[in-house]
Number of protein chains: 2
Amino acid sequence: MTEVEKQTEDRIFESATEIFMEKGMDGARMKDIANHAGINKALLHYYYRTKEHLFEAVFEKMAAVVFSRFTPVFDENATLEEKIRFFFREHISFLQKNPRLPAFILNEINRNPDRMKKLLQRFSINEVWDNLERLHHDELIRYNITREMMPQLMTSIAAISIFPFAAKGILEVLFEKSGYDYNDYLEKRKDFAADFVIRAIKGPDHGRNEKEQPLEKPSLHKGDLLVKAQQTSGNKGKRKNI
Amino acid sequence: MTEVEKQTEDRIFESATEIFMEKGMDGARMKDIANHAGINKALLHYYYRTKEHLFEAVFEKMAAVVFSRFTPVFDENATLEEKIRFFFREHISFLQKNPRLPAFILNEINRNPDRMKKLLQRFSINEVWDNLERLHHDELIRYNITREMMPQLMTSIAAISIFPFAAKGILEVLFEKSGYDYNDYLEKRKDFAADFVIRAIKGPDHGRNEKEQPLEKPSLHKGDLLVKAQQTSGNKGKRKNI
DNA sequence: CATACTTTTGACCATTCGGTTAAACCATAT
DNA sequence: ATATGGTTTAACCGAATGGTCAAAAGTATG
């Protein structure tokens, strides 16, 4: 009973995720989701009252997954340079397993900005800045990174990691025409991106106080920094949301 | 007659552009486009047989505009560094005037990959690589940029310029919460992005043959490089496409 | 004015969509 | 076995959608 219930509910959620990710909110059909889950269409409305509710559930879960991959890297103890390397390695690897995520989030945010506004209410961006300034005070000074250029730096890092997936459809075609392999490109990007950003930070005319050598370099292992995406669990009980 | 015809046809196209850009192919309603253009719904089908045809026309025009802003910078005579600066200045300025373009293209490409495949058939990416290698042979060697890392470099540049607009919805909210202004961020990004990329290219452990000074530095003026987006003209005659 | 043509419209159509309902189903507790 | 409660279904509904059509309106030419 609870077993079966959980099964169908999960099957609905997973099917909805798949369909919504592929077609988007507007393009997805409730019928298709039901068929994909192998159930009657009415059952969708039994668990999630409306299409909007079902979509909201999927979107929030996906957004949570995305953001949980962004923040934790900033909290740990390691060199800024090491963190950058670690971030690109882990983040690109993560997106390789979820290549549709960036386009999905970017698209739906653009389609309904209020959703993001509501969702980001909880997220404290200032904490990120503060942590960065606290944990990497010396490095930021050495590299001449002021607080007002943090958004520039952060969005550049995010862009370099996310864009190859958001623009996957273009790049695959473009690369194929000139003999490059998209997957190979992604694999190499993990290191390239890190080198690129680190060079940009330390580069000439920028890291003016650079004479001093890096103080310590605690080695980082996969899994040290990232936490699992917290399961949004899903409200139990018969129906979801209002 | 021809005057009026052109008027309505253009009004349809412009209205369609606006609605499609905001809602996407799936979210847009023919009724809304007709209302926005101040005409009868049937008239849409008179000029463009189907929604698909109308969308195709809009999409191809927008894609042409986007790509026309990407390539010409590579053809001219200037330092690689100067070209990078010029590109970011012009490209970000262009996107400031068309902020919805990136999300629109990225989204619809993802939604219908075949469209891109068809559209990029004409576009010769190899010419871009060849031109780059020919015009900047010395610089590429000096900066240690191999042909196989060109895609990495190019996509990074594109990413840094495009992402702030594709993710506008997120960034605006995030910035507001921490006291940054989005428009100010964009303005500053024109220089930051250029500095960032140039530092990354010339940075330590990379530009090994860097002792030699830049050979010449022809100054670049706005308008030197960019060509107008070639008008896709629009087939005359009563109806478009099949 | 009469003719011939294109442009524009209001009414209409078939289909599809998200959503509802009442009844059937099924597992458990009494 | 039967009453109880959640679960699942087939059938149905009204609204909206993309699209059609025949007639009206407009315009140029004789």
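From a predicted model like this one, the values you see are computed outputs, not experimental measurements. Any value given below was found using the heavy atoms of this structure, including those in side chains, with hydrogens, waters and symmetry copies removed. The chains referred to below are lettered A, B, ... by the order of the sequence lines, with proteins before strands, and numbering in each begins at 1.
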How close or far is atom P of C/dG19 from atom CG of A/Leu43, stated in whole angstroms? 15 Å

Residue pairs meeting salt bridge (Lys or Arg N to Asp or Glu O under 4.0 Å), one or both in residues 102-120 of chain A, sequence neighbours left out, come to A/Glu52-A/Arg115, A/Glu56-A/Arg115, A/Glu56-A/Lys118, A/Glu60-A/Lys118

Identify each atom pair where a protein N or O and an N or O of nucleotides 22-24 of chain C are less than 3.5 Å apart, giving names and distance.
none

Between C/dC17 atom P and A/Leu44 atom CG, what is the distance in whole Å? 14 Å

Which residues satisfy the ring-ring contact (aromatic ring centres under 6.0 Å, His included) test with B/Phe192, sequence neighbours excluded? B/Phe196

Nearest-angstrom distance from the residue atom NZ of A/Lys23 to P of C/dC17: 11 Å

B/Tyr46 OH to C/dT7 C1': how many Å, rounded? 5 Å

Angle by which the axis turns from one end of the helix from C/dC1-D/dG30 to C/dT30-D/dA1 to the other, five pairs per end, to 10 degrees: 10°

Separation between CZ (B/Arg189) and OG1 (A/Thr155), nearest 0.5 Å, reads 3.5 Å

A/Phe94: which residues meet the ring-ring contact (aromatic ring centres under 6.0 Å, His included) condition with it, sequence neighbours left out? none

Atom-pair distance (CD1 on A/Ile33; P on C/dC17), nearest Å: 12 Å

Residues at least two apart in sequence or cross-chain that pass side-chain hydrogen bond (donor to acceptor under 3.5 Å, both in side chains) with A/Thr50, listed by chain then number, are A/His53

Just list the side-chain donor-acceptor pairs under 3.5 Å for residues 171-183 of chain B, sequence neighbours left out, or say none.
| residue | atom | partner | partner atom | Å |
| --- | --- | --- | --- | --- |
| B/Lys177 | NZ | A/Leu120 | O | 2.6 |
| B/Lys177 | NZ | A/Gln121 | O | 3.2 |
| B/Lys177 | NZ | A/Phe123 | O | 2.4 |
| B/Ser178 | OG | A/Trp129 | NE1 | 3.4 |
| B/Ser178 | OG | B/Leu174 | O | 3.2 |
| B/Ser178 | OG | B/Phe175 | O | 3.4 |
| B/Tyr180 | OH | A/Arg147 | O | 2.8 |
| B/Asp181 | OD2 | B/Asn183 | N | 3.4 |
| B/Asp181 | OD2 | B/Asp184 | N | 2.9 |
| B/Tyr182 | OH | B/Pro164 | O | 2.8 |

Please tell me if A/Tyr47 has a side-chain N or O lying less than 4.0 Å from either OP1 or OP2 of D/dT8. yes

Indicate for each nucleotide in nucleotides 17-22 of chain D, in 5' to 3' sequence, whether protein heavy atoms under 4.0 Å reach the base (B), only the sugar-phosphate (S), or nothing (-). SBBBB-

Sequence neighbours left out, what passes ring-ring contact (aromatic ring centres under 6.0 Å, His included) with B/Phe88? Give chain and number order. none

Could you check how far CD1 of B/Ile12 sits from C1' of C/dT8, rounded to whole Å? 10 Å

Closest non-hydrogen contact found for B/Ala28 with B/Lys23 is N-CB, 3.6 Å

Here the side-chain hydrogen bond (donor to acceptor under 3.5 Å, both in side chains) pairs for residues 25-34 of chain B, sequence neighbours left out, are none

Does C/dT8 have OP1 or OP2 sitting under 4.0 Å from an N or O in the side chain of B/Thr8? yes

All salt bridge (charged side-chain N to carboxylate O under 4.0 Å, His left out) counterparts of A/Glu187, not counting sequence neighbours: A/Lys190

Output all residues satisfying ring-ring contact (aromatic ring centres under 6.0 Å, His included) with A/Phe163, sequence neighbours left out; order by chain, then residue number. none

